[in-house]
Amino acid sequence: MSTNYLQLYDQASEAEKYPLVKQWIDEEPLAFFKQLREERPILDTPEFTVLSRFDDVTEVLGMPKVFTVDLYKPKMADYLMAHDDDALHYREKSLMQSLLNRDDLPHIRQLVADIANEILDQADGKLELAYGYSRAVPAVMVQRYFGLRGSKREDLIRWSYWNQYDAFHNQPFNLNSAEKTQHITDEHDKVSAELGAYIAKLMVRRALFVNIEKVTNVILAPLLMVGRLLRHLTGRTKKGLQDDMVTRMLRMKFPKEYDFNIVRLGINAGGLLIGSIETTSQAVSQIVAYMYEHPDVLQQAQRAARAADPAAFDAIVWETLRYVPIGPFLFRKAASDYTVGRGTERETTIPKGKVVLAATLSAMFDPLIFERPDEFLPTRNWYHYFHFGFGSHECLGKYIGMVMIPEMVRQLLRREEVRPSAEIDYQDGPFPENYPFIWRK
């Protein structure tokens, strides 16, 4: 017999209402959200308002000045994603998107495949997936492509982990105890100091390298011109010069009006790290776990993983992630009173200061947008997914994630007789922490 969530909610005391909602979102999200969409699409709890329909979710996320990321600000310092549709956010996101050249994607996909296979080959048929693969692959990619060199892989993982934990899982709606809240904050402060010191040294070292390179280029300009001509005539490419995101940023000369100095470069270099490792790890681990819990999906994926063209495999990955996204909602804070669903039966005024949980997981099962939403259909319209967010705060590294996440899953499934030896374990936290795998060597 199905649970009547709304009846239980209405019967609960005011103090019990939101804890019940959180429990259902954590433990039974698909069934709970389905009842919300059908019977009470906008659920206004005493503390937070939950939106379950696709149209309401996109309406709210599309208005960053009305529904802000103010809750990010104490957690992200002055990073661009803590700004709402202002000059800094628009300018720096545009600059970073241009430097994250989408023409690099084939190279990035091959790089990810190479890193993945290095790790899998060294594992010799036995590997803990969550730390040893799902976090390790993006950490190495951060070193090689983003340019955070001279760092330890375990440090990069820790820095991303605690930044993500504090920003997205240490908010009022997470209902953490005071002791846990303080512990997460303390760990975040600790790693932020470490990361800041590392970035400062990195930028100085790399700036010195770039300046030496510039001087060398001036001195050797005539020879370089001859070299470029010869490469053009012979079809050879330039070898040996370092190319990564940090080096690209320092090679660029920005007008002072852009206010994109070495401090801002460093902040954005740190943002690349923080946004890459933990999110990728969670997505990959949960995708793989879902596949092994659903043998029909796993068989589709294993067949597609063998194909030379990864398009069909990627589509299976994104449809899998619809069921197990890295978060069930995005959160925003109302900067002014606003009426959602105006003119409909669900019309609700959200007062200034109220926190909104825009349930993107629910929106991806809305039958008004998703045909046969309860069926697994890899042929769905990509643009209806919320895997990388929505609106002006959509993930900066979206297109890198679009090749990195499926390629990591693909390389794992290509191993002979690969399978988990135990269930995925979150260890009472928000992230996969232990997921052992074995395969035939």
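When a residue number appears, it is its place in the shown sequence, counting from 1.
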Looking only at atom types and distance, does a side-chain atom of [X] sit under 3.5 Å from a main-chain N or O of [Y], one as donor and one as acceptor?
{"X": "Thr320", "Y": "Ile316", "answer": "yes"}
{"X": "Arg37", "Y": "Arg53", "answer": "no"}
{"X": "Arg415", "Y": "Trp439", "answer": "no"}

Discussion item. Using ring pair (Phe, Tyr, Trp, His ring centres under 6.0 Å), reason through Tyr435 and Tyr292 one step at a time and then give a plain yes or no.
Written reply: CA-CA 12 Å; Tyr435 197 19; Tyr292 277 92; 7.6 Å; no
Worksheet item: Out of His188, Glu154, Glu194, which residue meets the side chain to side chain donor-acceptor pair (under 3.5 Å) rule with Trp159?
Response: Glu194
Fill in: Leu20 versus Leu8, closest heavy-atom pair with distance
CD1-O, 4.1 Å
Ring centre gap for [X] and [Y] strictly below 6.0 Å:
{"X": "Tyr131", "Y": "Phe431", "value": "no"}
{"X": "Tyr385", "Y": "Trp318", "value": "no"}
{"X": "Tyr9", "Y": "Tyr5", "value": "no"}

Discussion item. Angle between ring planes, Phe173 versus Phe48, binned at 30° and 60°: parallel, tilted or perpendicular?
Written reply: perpendicular
Do [X] and [Y] have side-chain heavy atoms sitting under 4.5 Å apart?
{"X": "Phe370", "Y": "Leu377", "result": "no"}
{"X": "Asp84", "Y": "Phe67", "result": "no"}
{"X": "Phe388", "Y": "Ile405", "result": "yes"}

Discussion item. Return the NE2 to CZ distance between His393 and Arg332, rounded to the nearest 0.5 Å.
Written reply: 5.5 Å
Worksheet entry | Distance (rounded to the nearest 0.5 Å) between Thr49 OG1 and Asp56 CG | 11.5 Å
